[in-house]
Protein chains: 2
Amino acid sequence: MQPEISDQIFYSFLTGGLCASSTSSTTTSLFSPFAIEDKVDEDKALASLRNHKEAERKRRERINFHLNKLRNLLSCNSKTDKATLLAKVVQRVKELKQQTLEITDETLPSETDEISVLNFEDCSNDDGRRIIFKVSFCCEDRPDLLQDLMETLKYLQMETLFADMTTVGGRTRNVLVVAADKEHHGVQSVNFLQNALKSLLERSSKSVMMGHGGGGEERLKRRRALDHIIMV
Amino acid sequence: MQPEISDQIFYSFLTGGLCASSTSSTTTSLFSPFAIEDKVDEDKALASLRNHKEAERKRRERINFHLNKLRNLLSCNSKTDKATLLAKVVQRVKELKQQTLEITDETLPSETDEISVLNFEDCSNDDGRRIIFKVSFCCEDRPDLLQDLMETLKYLQMETLFADMTTVGGRTRNVLVVAADKEHHGVQSVNFLQNALKSLLERSSKSVMMGHGGGGEERLKRRRALDHIIMV
DNA sequence: GTAAACACGTGAGAC
DNA sequence: TGTCTCACGTGTTTA
């Protein structure tokens with residue numbers, strides 16, 4: 001909203017911006033019987049304005065303090081202007097969020113068991129003679145897990161092309177790209193793979209149950225112990 | 001800086017905040033020979049001030065636009081005030097940075113080979129009868145790496161207490177906590193472990209060199225291929 | 001009634 | 001020169 005005329009006069013009046021003669025000429029109150037009352041009101045208003053001014057200064061300081069912190073975090077020059085800085089912060093937060101999401105969702109083991117089998121038929125680059133599957137599962141780790149997995153794939157007559165395997169704190173995530181000959185396999189082999197993995201994971205949870213009798217609790221204890229030792 | 005008296009008058013004058021009579025009374029220029037010149041200057045100043053006002057409005061808009069973006073990213077209420085919001089942003093950026101650093105530094109394989117052996121003697125909790133080591137190394141993956149590692153530890157008469165193993169895109173990072181009996185081991189066993197790991201990694205690089213004849217390049221090609229397939 | 005937060009218009013300084 | 005950014009003091013609104 002545009003400041004009104006009265007606001008401008010009020011502003012000049014209260015801030016004492018105008019010189020004494022000007023003030024006395026505009027305020028005829030000195031000769032009125034309400035002169036003292038007016039003076040008190042004037043003082044009150046002045047004090048209020050001073051407080052307001054100070055509070056606003058503090059507020060600006062607070063904001064700029066955090067802006068400077070962000071400047072340091074993004075190793076930005078102190079000459080980077082506020083808008084640009086904030087744009088960079090937005091971008092950085094987005095990047096970091098995406099990065100951690102990718103790692104925790106696609107690489108690190110999750111807390112819950114998962115199985116995923118995808119068909120990459122269109123993606124095969126050996127003249128379409130083979131079907132390519134991307135297999136991914138997440139479960140409790142156990143000593144014979146990998147051996148069982150290899151035997152399962154061998155039994156299904158599938159060849160492992162790539163394998164990313166992550167075992168952290170007793171849980172494991174494995175992402176494999178496997179190839180299957182079209183002589184023996186079709187798209188329906190996705191189901192074979194899925195069922196095979198399911199029984200693999202069932203064996204996992206059984207072995208954990210029998211081995212410790214605590215399951216998740218025991219694992220958490222183990223993880224904490226490991227974290228402790230590593231952190232020292 | 002405090003606005004001066006003249007500034008206030010100038011402000012009221014230019015913005016046309018004061019009524020006509022007031023304006024004519026403060027400016028004696030209407031009767032001077034420079035009236036037209038003054039009028040031109042007046043228009044110029046007015047236009048300049050209008051531009052300035054508009055530019056400043058745009059600037060505020062830009063800043064607030066990004067602030068609102070940050071509000072969304074942190075799922076903050078629109079009533080969260082600027083200073084608090086920025087404080088939260090600072091905290092969030094710090095958290096995310098720390099989180100990704102932890103994962104990439106302590107869990108995911110690095111691009112360069114690394115060996116680290118630490119002694120945790122003080123940390124042993126079995127009456128000090130055993131020495132605890134934290135072993136961590138990072139290198140190219142190869143089929144027999146884990147088997148070689150286990151044989152090495154067996155040869156050194158060490159028992160694996162915990163193991164975090166991550167293999168991604170052809171590189172592997174392994175973090176193990178191993179225990180060694182004090183009958184056969186002392187703090188100097190750190191060196192045994194280090195040397196053993198060194199020869200393990202040398203075998204790794206040899207096998208990669210022989211196997212592919214490209215080394216790092218070949219690995220990057222593999223990794224890119226895997227990324228591609230997974231991303232589809 | 002007062003305390004806090006915001007948008008606004010302005011002057012000053014950088015470039 | 002003009003253009004851009006900032007800090008400031010103010011009026012207004014909300015709790």
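Below, chain A is the first sequence line, B the second, and so on; all start at residue 1. These numbers come from the heavy atoms of this one structure, side chains and all, not from hydrogens, waters or symmetry mates.
Looking at A/D164 and A/T166, their side chains never bring a donor and an acceptor atom within 3.5 Å of each other. With 3.5 Å as the limit, one finds no donor-acceptor pair spanning the side chains of B/S116 and B/S136.
Between A/R60 and D/dC8 there is a side-chain polar atom (N or O) within less than 4.0 angstrom of OP1 or OP2.
Atoms CD (B/E54) and P (D/dT5) sit 14 Å apart, rounded to a whole Å. Taking atom CZ on B/R57 and atom P on C/dT10, their separation rounds to 14 Å, with Å as the unit. Taking atom NZ of residue A/K58 and atom P of nucleotide D/dC8, one finds them 13 Å apart after rounding to whole Å. D/dG9 atom P lies 14 Å from atom CG of A/L46, rounded to whole Å.
In terms of modelled atom types and a separation under 3.5 Å, the side chain of A/K97 and the main chain of B/L73 share a donor-acceptor contact. The backbone N or O of B/L85 sits nowhere less than 3.5 Å from a side-chain atom of B/R71 that would complete a donor-acceptor pair.
Residues passing the side-chain hydrogen bond (donor to acceptor under 3.5 Å, both in side chains) test with B/R59 are B/E56, sequence neighbours excluded.
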Assign a letter to each nucleotide of nucleotides 1-6 of chain C from its 5' end: B, base within under 4.0 Å of a protein heavy atom; S, sugar-phosphate only; -, no contact.
-> ----BB
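Across all non-hydrogen atoms, the minimal contact from A/C138 to A/S110 is SG-N, 3.0 Å.
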